[in-house]
Amino acid sequence: RTMESENIIEMLHITKEFPGIIANDDITLQLRRGEIHALLGENGAGKSTTLKSILNLASPDGGRIEILGMSFPQREEECKQKTGVVLGGIDFFQHKRLETITAGTRRFYRDWDQSACDRYMKEFELDPRKRVRELSAGMRVKYLIALALSHGAELFLFDEPTSGLDPVSRDELLELFRALTAEGVKKAAVISSVTFGLGHLLHQVDGSGMELLANLCQVAWAIGLGFLFVLIFHRGGSLLPCILTHAAINCVGAFASEAV
């Protein structure tokens, strides 16, 4: 297969275990061009590990990962050139100016687009002359997103990207995600990892949350202790909320309770 593969990500039977914890237990996931997948679950459910496994930041113990039709272990640099990433826990030297960090970041990417970076910086109301210590948590997230969108990526991995954002900024970001994967923009796909309490998630899936997920995502997953459950499957113009939604979430909750 070539870089024009229909599937941007193929994760097949991925397992990852830490001492006393199974973070990913036989995870299989396929992400097509133009799709957004949401990964939902509590802290410690395995969301971040799933994203880090894709990037080989948490090397899987078993299974196979391909990005854009390329074997990730064999062509890791090429895969990462085409991947825009925003992970939690990433920070910069507090006294550095954003323009200095941007100048250093662009050196790592062959297809860096400074005009795109400038556009997103302006759109997110980020002053390149400001120092990191002057930014709120939400503004730091916006800056990471601006960098991720500025080097010709075809795959975007966002780990809790709305964390620290106010409601208006959150809605603007969701609209940006939709634009990235709009019809005709086949070189972009997004996985968004969102944290909910399981009780809150159960309530939201019954109400406005289902509509939000259906409007934003083609597939939404719940994850708990390394297991994936489908909440929404929305491909080919049809919306199929999973019949086992409640059972799936309750199972995740039961697993989590037993683990505690």
Side-chain angles (χ1 to χ4, degrees), residues 1-14 16 24 26-40 46-60 63-87 108-113 116 120 144-161 173-194 213-221 223 228 230-238 240:
R1 279 173 289 183
T2 68
M3 293 184 66
E4 293 302 315
S5 172
E6 180 183 5
N7 289 327
I8 282 191
I9 292 179
E10 289 191 9
M11 299 181 68
L12 301 175
H13 307 296
I14 297 300
K16 178 62 182 178
N24 290 156
D26 196 26
I27 297 291
T28 292
L29 182 153
Q30 293 181 328
L31 179 66
R32 298 178 184 177
R33 292 180 180 276
E35 287 189 343
I36 298 176
H37 286 210
L39 195 58
L40 311 174
K47 304 182 309 298
S48 294
T49 299
T50 300
L51 298 187
K52 289 179 179 179
S53 292
I54 294 173
L55 295 166
N56 204 30
L57 296 177
S59 183
R64 188 176 85 248
I65 296 175
E66 292 188 0
I67 293 180
L68 296 164
M70 298 181 286
S71 170
F72 192 91
Q74 296 176 11
R75 301 173 69 178
E76 182 170 346
E77 182 179 353
E78 287 182 69
C79 290
K80 288 185 175 179
Q81 285 287 332
K82 292 297 182 180
T83 304
V85 179
V86 174
L87 297 177
F108 290 95
Y109 295 103
R110 294 189 295 265
D111 297 326
W112 181 264
D113 186 342
Y120 288 119
L144 288 170
I145 292 172
L147 295 180
L149 296 175
S150 299
H151 59 86
E154 299 184 33
L155 165 67
F156 299 95
L157 302 178
F158 294 136
D159 191 12
E160 300 183 32
L173 186 58
L174 295 180
E175 285 300 322
L176 176 61
F177 289 167
R178 291 190 185 98
L180 286 174
T181 57
E183 186 175 356
V185 186
K186 295 184 177 180
K187 293 187 177 181
V190 178
I191 292 182
S192 179
S193 173
V194 186
L213 290 175
N215 288 335
L216 180 65
C217 308
Q218 283 69 40
V219 183
W221 306 87
I223 187 168
L228 276 180
V230 175
L231 295 181
I232 292 175
F233 186 82
H234 184 194
R235 279 176 172 164
S238 61
L240 302 173

Between D159 and S48, does any side-chain donor sit less than 3.5 Å from a side-chain acceptor?
yes

Out of curiosity, E66 CD to C79 SG, how far, rounded to the nearest 0.5 Å?
9.0 Å

Using side-chain heavy atoms (C-beta onward) and a distance below 4.5 Å, is L39 in contact with F158?
no

Point-to-point distance, once rounded to the nearest 0.5 Å, from OH of Y109 to CG of L147:
8.0 Å

Are the side chain of Q30 and the backbone of N7 linked by a donor-acceptor contact shorter than 3.5 Å?
no

Would you say the side chain of Q81 lies within less than 4.5 Å of the side chain of D111, judging by non-hydrogen atoms?
no

Taking the side chain as C-beta and beyond, is there a heavy-atom pair between R64 and F72 under 4.5 Å?
no

Does atom NZ of K52 have more than 12 heavy-atom neighbours from other groups under 6.0 Å away?
no

Chi angles and distances behind the side-chain contact (heavy atoms from CB on, under 4.5 Å) call for V86, F156:
CA-CA 8 Å; V86 174; F156 299 95; over 6 Å; no

What are the two closest non-hydrogen atoms of A153 and A148, and how far apart are they?
CB-O, 4.2 Å

In a check of side chain to side chain contact (heavy atoms under 4.5 Å, CB included) between I14 and each of I65, I54, T28, D26, which one passes?
I65

Ignoring hydrogens and geometry, is there a side-chain-to-backbone donor-acceptor pair from E35 to R32 under 3.5 Å?
yes

Any M11 side-chain heavy atom under 4.5 Å of T50 side chain
yes

Check each of V85, L68, L31 against L155 using the side chain to side chain contact (heavy atoms under 4.5 Å, CB included) test, and report the only one that passes.
L31

